[in-house]
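Worksheet for the structure shown next.
Just so it is clear: chains get the letters A, B, ... in the order the sequence lines come, proteins before strands, and each one is counted from 1. All figures in this text were calculated on a predicted structure; none of them were measured in a lab.
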Amino acid sequence: MAVSSSLFSCTMQMEVFAPKISKCPKDFVYCHSKISYMEPSYLKSTCYPISRFLCINNLSKCDKVKKNWQRDGIRCFSEGQKFQLDDVIEAQQFDRDILNAIFEVAQDMEKIERNSPESQILKGYLMATLFYEPSTRTRLSFESAMRRLGGEVLTTENAREFSSAAKGETLEDTIRTVEGYSDLIVLRHFESGAARRAAAIAGIPIVNAGDGPGQHPSQALLDVYTIEREIGKLDGIKVGLVGDLANGRTVRSLAYLLAKYKDVKIYFVSPELDDIKDYLTSKGVDWEESYDLVEVASKCDVVYQTRIQKERFGERLDLYEKARGKFIVNQNILNAMQKHAVIMHPLPRLDEITVDVDADPRAAYFRQAKYGLYIRMALLKLLLVGW
Amino acid sequence: MAVSSSLFSCTMQMEVFAPKISKCPKDFVYCHSKISYMEPSYLKSTCYPISRFLCINNLSKCDKVKKNWQRDGIRCFSEGQKFQLDDVIEAQQFDRDILNAIFEVAQDMEKIERNSPESQILKGYLMATLFYEPSTRTRLSFESAMRRLGGEVLTTENAREFSSAAKGETLEDTIRTVEGYSDLIVLRHFESGAARRAAAIAGIPIVNAGDGPGQHPSQALLDVYTIEREIGKLDGIKVGLVGDLANGRTVRSLAYLLAKYKDVKIYFVSPELDDIKDYLTSKGVDWEESYDLVEVASKCDVVYQTRIQKERFGERLDLYEKARGKFIVNQNILNAMQKHAVIMHPLPRLDEITVDVDADPRAAYFRQAKYGLYIRMALLKLLLVGW
Amino acid sequence: MAVSSSLFSCTMQMEVFAPKISKCPKDFVYCHSKISYMEPSYLKSTCYPISRFLCINNLSKCDKVKKNWQRDGIRCFSEGQKFQLDDVIEAQQFDRDILNAIFEVAQDMEKIERNSPESQILKGYLMATLFYEPSTRTRLSFESAMRRLGGEVLTTENAREFSSAAKGETLEDTIRTVEGYSDLIVLRHFESGAARRAAAIAGIPIVNAGDGPGQHPSQALLDVYTIEREIGKLDGIKVGLVGDLANGRTVRSLAYLLAKYKDVKIYFVSPELDDIKDYLTSKGVDWEESYDLVEVASKCDVVYQTRIQKERFGERLDLYEKARGKFIVNQNILNAMQKHAVIMHPLPRLDEITVDVDADPRAAYFRQAKYGLYIRMALLKLLLVGW
């Protein structure tokens, strides 16, 4: 029933393809090449801008349409179709199309109203937050995301107790127990590769919420999403990456994902990070090193500041103090920045951004935390109920 | 639609003002001066006693009624109207009218039944308990309150991790992050004034659940509410405040709020607490010092016992032991007390009330903890959805 | 209304008693002697095998039926009837009939589907997990159970804070506070007998989730339930109890419950545990000691392996290492075991079962954890809303 009406819709779309662009009808919107159609039942009356990624109901039935699109290099995601990824483990899992599609879902999440039917799409699902090291910010963000979609949460902030020295249970055994109690596990671990090991054994989705010096993919996604939402585009942007880049997994993942977009220019305001520079060069991404934060700030769309992580300097406190004072975002930097540009920061911040910057509308770091909520809502929705 | 019918109701009330007192009809009840009308949709068939504070639907439309009331010094709270307070930070925010109104709402909370529509009035709302020091009792009380009203909870018992020495995030930054994840923050902090700082930056309601030696306003409210519910009045009561009064914020806040009522007499069974005595004198409250707990107990409506807080004596354990043994509520005190009087205690208790007192119906301290639940339900309801 | 139709159903059942066995109609199933009828509204179309325990709607009305059954030694539990136990404190509370009835409810729990009406039977109920020592596995299992039935949870992992040295509150006082906030308390405590003390004071159900070296009854129940589900029977089974039996409360409780079934044979592959052997002898249970794990494994339906608890050896690490290496379940043991037999383990395991055993279908220990979820769902359901 739903299928046949959807099939009809698709066919109809084909017939009136071009005219729909100018009219932007209520039920369908036309989206630019690389992009597909959408008829999301709960967004029927919304008119989407061109070049946004949209999904279509029961697309699998619309073979003729699909073939045409595929010929043009368009990838299609059907509403209700299974998410391509079983788990979210690392930034490398995401290509440009999937990123766009996730951002589209995240933007739908921004519009969800309290007690609307969409606020209940994960009702009956149970997420376990299995944190082997505390990260209250990340944990609260995931738990809020789950609850905003009507799902329930099991919290474990001291998951190490599961595998304490005395008891010595393996991560794999813990995962096999917890998967019996929940529908999805958000894992924070102190060892690189832990999330991948968990995913290998688990029969339910695993989301990596940071594994030691390794990956933290939802942070990388929210950074890119913030840029898209704040600047309005990802192709052709100029990004200044500032601070303690050698030690930051955040910045590595961000640079990795930015390399998927066209004509991106990256300025490194930091002396280290050789491996990522080699990677960018190999991908044809234009990058430049600089020690002049004012000059970089004047050119960029995004100034991405990071925290100097004292804990990673060990006992070399002298190096820490030196690095810390080097590049501070303050009123001087704000004055140099363009009007449309924004300052981002993964938080928490110490004094690498002065507090008087907060009031400027270009200070995007608290909005960035909020975008993280929407990205996590999108990921949970996609992993549990699909597109 | 709802508005016009409500307007009609109001006008009608005026017409039949006096007769309604004697009949106590199902839809409306008349309340004494300083008190207004109410037509709470979910309590339609309940008959309220005179001199209880009630609210009225869409009062803003009933200008004629309102003007008459205001001329008589009646303050009006409309159902659905925004709560006067954006945050709950300190006892000083509450005047007598608002206290009465909150107690009225708390009493409605006592009547809420499992799975009734009222048990869902905070459905879709998310409360974060941001506790920088553990206080399981207070945290559970707030979380239970939220859940009893259908709301959801994000728990953070180790919020210090947000601002650990290594990371050093300010309280303000943490609040700006957490407000992105929730609709209301219950904050427990080790520094006096922390709640006020949080409220200054937050765009969502902040509830102070204790900030160091400073305020703990929901405790003060529940103490006064317990007296009203147990004794049946607040004007004209006699209260004995016993124990470690110099160190207790609980007793200070209680004395502060009691000063708002008429003909209250306070007996201090403790040698210190000079500042609050000066305050009471300035407010015209009658107070007396005594070292004879038996005599005081025989006169009072309420014997409010407090815990000797060992942790506040530092290394002066001799002083602690001396203070601890001084004034104990036991069978002797019970024998001296009047039949209608009650014993209160903020809990936890050590041996300042002997266990054999628990079975006496005048032992009100566990009921007091339960009244705290209702007060917190009322505060959450008022801050999130208004009167 | 429901009553009269149910009465009719009962009477009808009597009339057509024998024929129903062969037909197995949709609404009713016949169950063997010692067993009663059932018409569970939400399982109407299921056909149950003979000799399973079932309940009947409003059985109290069916006096004639009931009398006949009681004459035959059949015990009857009506749907909606209050659970016989106010609290779950120790394995000794359960007789064979109640165990069977609980297992029946647990099996219903296995069939509950997401967002079905049965997934909401504890909606509006609030469970507090009051854990004086961490036990993440047990806590998550109970919290998952509560949430899978639509109930809500208050979590306290550091309940010791309630009664810290400085504050010194008694367990009894804490219970009287927490019972004001919740509808059921799951208590984990470090002192034997704590759960019994809590139950003595509480007006709401207490579930013992382990009290020191004492009891852990839900673990004992889930062990027996696992055997019934995996082997299909309890009478006549052969069970090998392997490992650190002297120190394990798990194995003691299991042996205690197994003694309630007929023709059970127990093999102890461990030199100690004299008290339980005396108990089994007094109950007429056949048992045998052995040091040959391969031979025992070849005879048993169930090989129940346990963890050598290092923490219980204190400083005698030499004894720990010796005990640890003694009896390991590996491929050799698997090869000796019968096809239908299973390996169980209370988890966490160290190296007492090698990882390569996990892939064998006879490795039942992770399924056992899942059965624990269903047992806990059943207990919560029974304590809060009855049969």
Side-chain angles (χ1 to χ4, degrees), chain A residues 117 120-134 139-140 143 146-147 149-188 197-198 200-204 384-385, chain C residues 112-116 118-120 129 131 133-155 157-158 222 307-313 320 324 345-353 355 358-359 363 365-374 376-377:
Chain A
Q120 295 298 313
I121 53 175
L122 296 188
K123 186 165 154 49
Y125 288 93
L126 199 42
M127 172 184 94
T129 48
L130 193 59
F131 274 49
Y132 282 77
E133 58 178 18
R139 183 176 64 82
L140 286 191
E143 293 186 3
M146 191 67 184
R147 293 227 155 92
L149 294 174
E152 288 291 345
V153 174
L154 297 177
T155 297
T156 318
E157 267 203 291
N158 62 346
R160 276 194 194 223
E161 186 268 327
F162 263 123
S163 62
S164 66
K167 295 190 176 174
E169 182 173 69
T170 63
L171 172 65
E172 281 81 357
D173 276 18
T174 304
I175 292 290
R176 291 193 69 170
T177 301
V178 177
E179 75 172 325
Y181 303 152
S182 59
D183 302 307
L184 177 147
I185 296 172
V186 177
L187 178 71
R188 172 83 164 208
R197 282 165 53 207
I201 201 91
I204 61 172
L384 288 169
V385 299
Chain C
I112 291 180
E113 286 176 19
R114 197 188 321 283
N115 294 332
S116 63
E118 303 87 63
S119 74
Q120 296 298 314
T129 47
F131 275 49
E133 59 178 18
S135 177
T136 313
R137 187 182 315 276
T138 303
R139 182 175 63 80
L140 286 192
S141 181
F142 273 107
E143 294 186 2
S144 180
M146 190 67 183
R147 292 227 156 93
R148 290 293 191 203
L149 295 174
E152 288 291 344
V153 173
L154 296 177
T155 297
E157 267 203 291
N158 61 347
L222 81 87
R307 184 168 65 87
I308 309 295
Q309 300 190 38
K310 192 180 183 178
E311 57 271 34
R312 303 207 191 268
F313 280 84
Y320 166 68
R324 191 179 175 186
H345 190 294
L347 300 181
R349 58 117 175 237
L350 289 187
D351 45 13
E352 63 273 7
I353 301 177
V355 176
D358 295 3
Y365 26 96
F366 293 115
R367 295 196 294 276
Q368 186 180 354
K370 190 81 186 235
Y371 290 130
L373 177 68
Y374 301 127
R376 283 156 184 151
M377 288 169 79

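There is no contact between C/Ser119 and chain A, counting heavy-atom distances below 4.5 Å. Within the 4.5 angstrom heavy-atom criterion, only side-chain atoms of C/Arg114, from C-beta onward, approach chain A. Heavy atoms closer than 4.5 Å to chain C are found in the backbone of A/Val153, but not in its side chain. Of the atoms belonging to A/Thr156, heavy atoms from both backbone and side chain fall under 4.5 Å from chain C.
A heavy-atom distance below 4.5 Å is found between the side chains of C/Leu347 and A/Thr177. In this structure, the side chains of A/Asp173 and C/Asp358 come closer than 4.5 Å at one or more pairs of heavy atoms.
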Checklist entry - Would A/Glu152 and C/Glu152 satisfy side-chain contact (heavy atoms from CB on, under 4.5 Å), going step by step from the backbone distance to the final call? => result CA-CA 9 Å; A/Glu152 288 291 345; C/Glu152 288 291 344; 3.4 Å; yes
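The two residues A/Glu169 and C/Leu350 make their nearest non-hydrogen contact at N-CD2, 4.2 Å. Closest heavy-atom contact between A/Tyr181 and C/Ala369: CE2-O, 3.8 Å.
The greatest number of non-hydrogen atom pairs below 4.5 Å with chain A, out of C/Gly372, C/Ser135, C/Ala145, is found for C/Ser135. When A/Arg176, A/Glu157, A/Glu172, A/Glu179 are compared by the number of non-hydrogen pairs under 4.5 Å with chain C, A/Arg176 comes out ahead. The candidate from C/Arg139, C/Arg367, C/Arg147 with the greatest count of non-hydrogen atom pairs under 4.5 Å with chain A is C/Arg147.
Side-chain atoms of C/Asn115 come within 3.5 Å of backbone atoms of A/Lys123 as a donor-acceptor pair (strictly under, hydrogens ignored).
In this structure, OG1 in C/Thr155 is found 8.5 Å from CG in A/Leu154, a value given to the nearest 0.5 Å.
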